[in-house]
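Below is one structure, written out as C-alpha cells; the observations come after it.
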Amino acid sequence: MYISKQLFIKIQMFTRRNYKLNLLSNFVVKRKKQIIIFFILAMFICAGLFFIVPINYNMTDYLPDEANSTVALNIMESEFEQAIPNLNVMVENLTITEALNLKDKISNADYVKEVLWLDDTIDLKIPLEMQSTKDVEAYYKDSTALFMVTVEDGNEQAAIAAIETTIGKDCFISGPAAEQADAQKTSSQEAINSIIVLVPLIILILILATTSWIEPICFLLTMGAAVLINLGTGYFLGGISFVTLAAAPVLQLAVSLDYVIFLSHSFNGFKEAGIDPVEAIKLSISKSGKAISSSMLTTLFGFLALMFMQFKIGSDMGLSLVKGVTISFICVMTFLPALLLVCSKWIDKTKHRPFIPNFKGIGNKLVKLSIPFMILIIIITIPSFLAQKENNFFYGATENIVEGSPAYKIEQVFGKTNSMVLLVPRGNSYKETLLAEDLKRIDNVTGVISYSSMVSNRIPSAFLDDTVVSQFYSDNYSRIILSLNCDYEGTDSFNTVEAIRNTAEKYYPDKHLTCGQSANMYDMKVYIENDNGVVNLITLISIYLVLALMTRSWLIPIPLIFTIKCSIWLNMALPYFLGQNLSYIGYLIVSTVQMGATVDYAIILTDHYMENRQTMSKVPAMKATLGEVFGTVLISSVTLSLSGVCMSGLSTNPIVKALGVLMGRGAILALTLVVLLLPALILLIDKFIPYTTLKANFYKEKNNKSDTNCNLEEVI
C-alpha cells in the first residue's frame, strides 16, 4: 500500500511523542525470543510456587489489631491454655454415663484441646430433675448430648477426622472450625474449577472477537502467564486469604482482557494498512500504550483503595489485585507483542472471517434511545441510591444454615449454639459473681461458666489444683465462658454482644474484653462499615484525578464517574428490592472493583468521541463513536460478567458467591449505562468541553478538512 509523505511524517511525529514507549517497543523487537523464554520460565516457576503459598481460612485474622475481640484473642493465646470452643459435636442415644465416657475419649483425640459439656456447668451428683431445665437442655436433651469442643487452629480437618474416628458412630459436627475445614477442602479446587470453566468461555469470546485461530492462543498465554505469576508471587508476601484466592485470579483474567484487545486491534490495524509487522508492533505499542496505561491506572487506583480498609481482607485482596493488574500490564506490553511478532506469519495463515457483526450502524439507534434512557435513569437513581444503603447484610462467611446439614440437625434439637468468652481483670471474686448472675439474665445467654459458678468464690484459688484454676484465671485476667442461643451474626447476635459488653462495662469500665465468633463478627461489622466511606472517597478522588489528567479536563470525568456510580447503585439496590441478604464484604469490594474495572468502558467511549469531534459535529461524532467502541466494550463486559457467573456458580462460600453475582450483574449494567446514559450526558455538556479541556480542538463547520488516507489515520 502506498503511504503519502504527509502521512509518513505524521507517523514519525506520533512516534516521537511517545519516546519512552518507543524505547520499550525497540527492546521488545530486539529481545523478543528472550522475553518469551523469560515469561514461560516465570510462568512454570510461579505455577510450582502456587502450591506452597500459605492460604488463610480464618476471616477473624483480618480484624485490626486494636479490635476488642482481637486483643481478647491475643490475651487468650498468651495467658490461657484453653481456647474458645469452635466445634459443636452432637451424638444421639446416650446416657449421662456414656456421654461422660465419650467426652473423655473426644478430649484425648488428636488436635483436640478441650471439651466442655454438662458436667462443666452443673453438679451431676444432683439429679437432673432438680436442676435448671435451661442449664441441662443446653447440653443434654432427649438422650442426645451436645459437646462444645476446641480444636487446634490450622488442623481443623485432621481434628474432625480424629473425632469421627473416636466416636465410631453417627455424629453431627458444626461450628467455625467445621466451616474452616470445608473452606480448606473446597477453596483451592473451586478456584481451579472457575478457571477451568472460564478459560473455554474466554477462548470462545476471543475466537469471536478476532479473525485468526492462532491469535487467541497468544492472548491466553499472555493472560495465563500474568495470572500464574501473580498467584505464585503470593508466596513471597506470606500468603493470601481464601477469599482472595477464589476471586482475584478470575477478576485479573477478566480485567486484563481489555489490555490484550487494545494492543491486538491496534497491531492488526497497522498491518491491514500495509505496515511491516515489526514496524506495526512498534506503532501499536506506542499507540495503544497510552490507552492501556490509562485503563490500567484507573483499575489500579480502584484496587489500591481497598488497601486503605482497616479490615485487612481489603488489604489482602487489594494487594493481590494491584500486583495482578501491574503484572498483566507488563505481560501485555512485552510478552504479548513478542508472541505476536513470532507468530505473525501463523496468524496471517490462519485468518478466518469475522464472526461478530459490524456495529457501525448501531450508533444511530443508541443515540435515539439515549435521552429517554437518561430521563429513566435519573428517575430511578434516587430510590436506588437510598435502597442500596438499606440492604440486609451479612458480614462473615456463613449466611444461612442449609436444611439437612449437620448445623441444621443440631439446631433442630438444641436450637442455635454459640460460644463467647468474656475476660475481666482478676482480683475481685465477689464482683465476678455478681457479673455472672447479671450475664445469665441476658436474652440468648443459655449458660455461664466461671470460677464462682464451677467452684465457689468462697474457696481461695490457692487451695485448688492448678489445672482447675488455670481454666478460669491467668496472672492478670479472669475468664468467663458464655453459651448463647443465637446465630453467629445478625440482629439478635449483635444485640447480645452489645448487652454482654454493656453489662461488663458496669463492673469493669473500659477493662473488659470479649472474643468468640459473634464478638468477632460484631467487630468485623463495625470496622467494615467504617471502611465504606473511606474506600469510596479514595476511589472517587483517585479515579477522578487519573481521568482529569488523561482527558486534560476537569469536566469530562464527572459524567464518566456518575455513569459508573449509577450502575453501582442499581446493582446494589437490586438485592434490597428482591428481598435478598447481601454480603457486606462483597458490597464494599465490588463497589470499588466495579468502579475501577468498568470505568474503562467510559474511557474508551470518551476517548473515541474526543477524536471524532475534531472532524465531526457532536451528534455524528457520537454515532460514529458508538459504532466504533460497542464491539470492544461488549466483549469486555461479557467476559467480566461471565467471570462473575463462574465465581458465583462454582463457589460454596457465601462471600465469593456474592462477589460473583454482583460483579456479573454490575458488568452488564455498566455496559448498558455507558452506551445509553453516557452518550446523552456527553452530548449535553458538549458545548462546555472546549472551555474546560486543554487543546480540545473541536470541529468547526468552516474548518472542514478532507479525510485522505483515512484507513491508517484512523488507526493512528
Determine, stepwise, if the pair Ile500 / Leu484 fulfils side-chain contact (heavy atoms from CB on, under 4.5 Å).
-> CA-CA 11 Å; Ile500 291 168; Leu484 312 179; 4.1 Å; yes

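- Taking a cutoff of 4.0 Å between a charged side-chain nitrogen and a carboxylate oxygen, Lys312 and Asp531 do not qualify as a salt bridge.
- Across all non-hydrogen atoms, the minimal contact from Gly232 to Val53 is O-CG2, 4.1 Å.
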Go through the steps to decide whether Arg501 and Glu498 satisfy the test salt bridge (Lys or Arg N to Asp or Glu O under 4.0 Å), and finish with yes or no.
-> CA-CA 5 Å; Arg501 288 182 175 179; Glu498 287 179 352; over 6 Å; no

List the steps and the verdict of side chain to side chain donor-acceptor pair (under 3.5 Å) for Asn418 and Gln517.
-> CA-CA 8 Å; Asn418 199 344; Gln517 196 73 352; over 6 Å; no

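- Shown here for Tyr139 and Phe414, the closest heavy-atom pair between the two residues is C-CE2, 3.6 Å.
- For Asn391 (side chain) and Phe393 (main-chain N/O), no donor-acceptor pair under 3.5 Å exists by modelled atom type.
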Test side-chain contact (heavy atoms from CB on, under 4.5 Å) on Asp487 and Asp492 and set out the steps.
-> CA-CA 8 Å; Asp487 289 322; Asp492 280 352; over 6 Å; no

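- No side-chain donor-acceptor contact under 3.5 Å links Ser648 to the backbone of Gly644.
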Determine, step by step, whether Asp119 and Lys125 satisfy the salt bridge (Lys or Arg N to Asp or Glu O under 4.0 Å) criterion, reporting the C-alpha distance in whole Å, the side-chain angles of both residues, the deciding distance to 0.1 Å, and the verdict.
-> CA-CA 9 Å; Asp119 59 315; Lys125 294 177 183 177; over 6 Å; no

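- Remark: Met572 CE to Ser384 OG distance equals 12.0 Å, nearest 0.5 Å.
- For the residue pair Asn536 and Asn532, a side-chain donor N or O sits within less than 3.5 Å of a side-chain acceptor on the partner.
- A cation-pi geometry, defined here as NZ or CZ lying under 6.0 Å from the six-membered ring centre and within 45° of its normal, does not hold between Arg426 and Tyr477.
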What do the steps show when you test Lys525 against Glu529 for salt bridge (Lys or Arg N to Asp or Glu O under 4.0 Å), and what is the final call?
-> CA-CA 6 Å; Lys525 170 182 179 291; Glu529 288 179 350; 3.6 Å; yes

What do the steps show when you test Phe394 against Tyr584 for ring-ring contact (aromatic ring centres under 6.0 Å, His included), and what is the final call?
-> CA-CA 6 Å; Phe394 64 94; Tyr584 203 100; over 10 Å; no

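- Remark: Lys105 NZ to Glu98 CD distance equals 9.5 Å, nearest 0.5 Å.
- At a threshold of 4.5 Å between non-hydrogen side-chain atoms, the residues Leu231 and Pro249 count as touching.
- Side-chain contact check for Thr496 versus Asp443: every heavy-atom pair is 4.5 Å or farther apart.
- Atoms CG and OG1, from Leu422 and Thr514 in turn, are 7.0 Å apart once rounded to the nearest 0.5 Å.
- The heavy-atom pair separating Leu63 from Asp523 by the smallest distance is CD2-C, 3.9 Å.
- Separating the CE atom in Met309 from the CD1 atom in Ile538 is a distance of 11.0 Å, to the nearest 0.5 Å.
- Across Ser493, Ser419, Pro176, a single residue satisfies side chain to side chain contact (heavy atoms under 4.5 Å, CB included) together with Tyr488, and that is Pro176.
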Run the numbers on Asn444 and Asn485 for side chain to side chain donor-acceptor pair (under 3.5 Å), then give the verdict.
-> CA-CA 5 Å; Asn444 297 319; Asn485 183 21; 5.4 Å; no

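- With Lys113 contributing its side chain and Glu152 its backbone, the two residues share no donor-acceptor pair below 3.5 Å.
- No donor-acceptor pair closer than 3.5 Å links the side chain of Asn88 to the backbone N or O of Met148.
- Glu505 places a side-chain N or O within 3.5 Å of a backbone atom of Asp510 that can act as its donor or acceptor partner.
- In summary, the side chains of Glu156 and Tyr111 do not present any donor paired with an acceptor at a separation below 3.5 Å, with no hydrogens or angles considered.
- If you take CD on Gln180 and OG1 on Thr60, they are separated by 7.0 Å, rounding to the nearest 0.5 Å.
- Gln388 places no side-chain N or O within donor-acceptor distance of the main-chain N or O of Asn571, the cut-off being under 3.5 Å.
- Here the shortest heavy-atom pairing between Thr539 and Ser542 reads O-OG, 3.1 Å.
- Partner of Ser478 under the side chain to side chain contact (heavy atoms under 4.5 Å, CB included) criterion, chosen from Asn428, Leu435, Val424: Val424.
- In plain terms, the two heavy atoms of Tyr62 and Phe311 that are nearest each other are O-CD1, 3.3 Å.
- For the residue pair Tyr473 and Ser429, the shortest heavy atom distance occurs at OH-CB, 4.4 Å.
- For Asp316, there are no salt bridge (Lys or Arg N to Asp or Glu O under 4.0 Å) partners, not counting sequence neighbours.
- With hydrogens and angles ignored, the 3.5 Å screen pairs no side-chain donor or acceptor of Ser320 with any backbone N or O of Met317.
- Side chains of Leu124 and Leu100 form a contact here, defined as non-hydrogen atoms less than 4.5 Å apart.
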Kindly indicate, with the supporting measurements, whether the criterion side chain to side chain donor-acceptor pair (under 3.5 Å) is fulfilled by Lys323 and Asn230.
-> CA-CA 7 Å; Lys323 180 162 60 74; Asn230 187 33; 2.6 Å; yes

side-chain contact (heavy atoms from CB on, under 4.5 Å) evaluation trace for Leu537 with Val535 | CA-CA 5 Å; Leu537 182 63; Val535 169; over 6 Å; no

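- A cation-pi geometry, defined here as NZ or CZ lying under 6.0 Å from the six-membered ring centre and within 45° of its normal, does not hold between Lys103 and Phe147.
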Could you please spell out the steps behind the side-chain contact (heavy atoms from CB on, under 4.5 Å) verdict for Glu390 and Leu386?
-> CA-CA 7 Å; Glu390 300 299 323; Leu386 297 173; 5.8 Å; no

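- No donor-acceptor distance shorter than 3.5 angstrom exists from the side chain of Asp475 to the backbone of Glu79, with no hydrogens or angles considered.
- Contact annotation: the side chain of Met524 never approaches that of Glu489 to less than 4.5 Å [non-hydrogen atoms, C-beta and beyond].
- Checked by atom type and distance alone, the side chain of Gln131 pairs as donor or acceptor with a backbone atom of Asp123 at under 3.5 Å.
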Please test Tyr57 against Glu179 for side chain to side chain donor-acceptor pair (under 3.5 Å), starting from the C-alpha separation and ending with a verdict.
-> CA-CA 9 Å; Tyr57 298 91; Glu179 292 168 10; over 6 Å; no

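- The closest donor-acceptor contact from the side chain of Ser474 to the backbone of Phe80 lies at 3.5 Å or more, if one exists at all.
- For the atom pair Ile481 CD1 and Ile84 CD1, the distance stands at 9.0 Å (nearest 0.5 Å).
- Residues Ile568 and Val590 fail the side-chain proximity criterion, which asks for heavy atoms closer than 4.5 Å.
- Aromatic ring orientation, Tyr140 versus Trp117: perpendicular (interplanar angle above 60°, classes split at 30° and 60°).
- Atom OH of Tyr235 has 12 or fewer neighbouring heavy atoms from other residues, nucleotides or ligands inside a 6.0 Å radius.
- Inter-residue side-chain proximity for Leu662 and Leu582 is flagged as met; some heavy-atom pair is nearer than 4.5 Å.
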